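If you read the sequence from its start, that first residue is 1, and numbering goes on from there. None of the values given here were measured: they were computed from a predicted structure. Both ligands and their constituent atoms are indexed starting at 1 by order of listing.
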Amino acid sequence: MINQSKIEELNKIAKQMVTPGKGLLAADESMNTVGKRFSAISLENTEDNRRSFREMLLTAPGEGQYISGVILFDETIKQKTGSGKSFVEVLKEEGILPGIKVDQGLVDFGTAGEKTTKGLEGLAGRLSEYAALGAKFCKWRAVITIGQGMPTDENIRQNAKDLAAYALECQKAGLVPMVEPEVLLDGNHTIQQCEVASEKILTALFEEIKNKAVALEGLILKTNMVLPGKDSGVKVMPEEVAEATLRVFKKVLPNSLAGIAFLSGGQGEQEATANLNAMHLAGSLPWPITFSYARALQDGATKAWQGKPENLSVAQNVFLHRAKMNSLASLGKYSTDMEKDFNVSEAESVSQD
Ligand code: 13P
């Protein structure tokens, strides 16, 4: 059991993570995943390029207006800007909470392609190291695959147990756990299949969270929106996405959960923004709901940057625009017209001022 004064501390951090009008940037891609992003811009995957990439994202001027927290990777939480200031310090100066991914990636579960997540071994030691480096919250990602006979009940249960065990360790260490069960967008499944899978994993997860007495006031759920599979060829309107997603949330999630932040999961940038906005047009909700995107906040900025120092401020303006659009969407105040007011050539003229 977590004691009451610790729960109050955790609740303060969790509330700050989901401050109205702000959301989170996931900048915690593994080296392998960064390599994929860099190959799209023909950039070599070196430590220095990864550092410059993260510097571009973390030093965008004034991003603290839109961003409440940033999830860092093990390498990134220990890195510094070119001028020698630690990234943790940079974030603190913007009033942004530093967070850290603490899982150690996916491993096979059975033979059909399902996965569980490793990283429970030695977790307590890593958490105290990250807390000493200034981290305030953590992330652990589990993936659920929809396919022939999947997800299995065994895979759902194992992922739920591991997420709950991780969450309890974080709270003991004074760090807010983000629990991230992600029903993958890959595949040709229907939106209904995604709804069923999402309901199953969230039900199991909150059962395990209750079994372990994880404090809901100090817990953030990061999860997928309910969507049809990427290869299904089916496009659904934001209202339908919001309706299906909120139906699951209202059925399964306890009201005392501190907040919810969506992953983007492979949606386009504007799609992820419009879908988030629709969640806030469907009436009042018991929890703050915001964004915690990686690709849907970074893709345009990465393309504008291309790894070239001369593109830094253009790329940062692209990033700030996206962050602002998502900030508005987290309040239900976004409209696609707002995208017309901004394009990369405008970003260029802003950056030359
Ligand atoms: P995407 O927004 O690119 O899905 O990434 C979010 C994330 O943190 C995945 O773990």
Engineer: Examine the side chains of Ser86 and Lys80 and answer whether a donor and an acceptor come within less than 3.5 Å of each other.
Structural biologist: no

Engineer: Go through ligand 1 atom by atom and flag the ones less than 4.0 Å from a non-hydrogen atom of Ala294.
Structural biologist: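 Within the 4.0 Å cut-off of Ala294, ligand 1 contributes 1 (P), 2 (O), 3 (O), 5 (O), 6 (C).
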
Engineer: Looking at Lys222, I want to see if its NZ is surrounded by more than 12 non-hydrogen atoms of other residues, nucleotides or ligands under 6.0 Å.
Structural biologist: yes

Engineer: I'd like to check whether Gly266 has a polar contact with ligand 1, where a contact means an N/O of the residue lying under 3.5 Å from an N/O of the ligand.
Structural biologist: no

Engineer: Counting from 1, what ligand 1 atoms have a heavy atom of Tyr293 closer than 4.0 Å?
Structural biologist: 2 (O)

Engineer: At a 4.0 Å threshold, what atoms of ligand 1 neighbour a non-hydrogen atom of Lys222?
Structural biologist: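 Those atoms are 6 (C), 7 (C), 8 (O).
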
Engineer: Regarding Glu169 and Lys172, does a basic nitrogen lie under 4.0 Å from an acidic carboxylate oxygen?
Structural biologist: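 Yes, Glu169 and Lys172 are salt-bridged.
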
Engineer: When you compare ligand 1 with Ala26, is there at least one nitrogen or oxygen pair between them that comes in under 3.5 angstrom?
Structural biologist: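 No, there is no polar N/O contact under 3.5 Å.
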
Engineer: With distance as the sole criterion, is a donor-acceptor pair present between the side chains of Thr336 and Gln270 under 3.5 Å?
Structural biologist: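 Checked: Thr336/Gln270 side chains show no N/O donor-acceptor pair below 3.5 Å.
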
Engineer: Taking Leu227 as the fixed residue, which of Ile191, Asn275, Val183 is the one that meets the side chain to side chain contact (heavy atoms under 4.5 Å, CB included) rule?
Structural biologist: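 Checked Ile191, Asn275, Val183 against Leu227; only one passes side chain to side chain contact (heavy atoms under 4.5 Å, CB included): Asn275.
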
Engineer: How does Arg141 reach ligand 1, by side chain, by backbone, by both or by neither, if only non-hydrogen atoms under 4.0 Å count?
Structural biologist: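 Just the side chain.
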
Engineer: So if I count the atoms of ligand 1 from 1 in the order they appear, which ones are less than 4.0 Å from some heavy atom of Gly265?
Structural biologist: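 Contacts of ligand 1 toward Gly265, numbered from 1: 1 (P), 2 (O), 4 (O).
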
Engineer: Check each atom of ligand 1 against the heavy atoms of Lys139 and keep those under 4.0 Å away; list them by number with element.
Structural biologist: 7 (C), 8 (O), 9 (C), 10 (O)

Engineer: Between Thr117, Ile156, Leu163, which is the residue that forms a side chain to side chain contact (heavy atoms under 4.5 Å, CB included) with Pro181?
Structural biologist: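 Considering Thr117, Ile156, Leu163, a side chain to side chain contact (heavy atoms under 4.5 Å, CB included) with Pro181 is found only for Leu163.
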
Engineer: May I ask you to check whether Ser264 has an N/O atom sitting below 3.5 Å from an N/O atom of ligand 1?
Structural biologist: yes

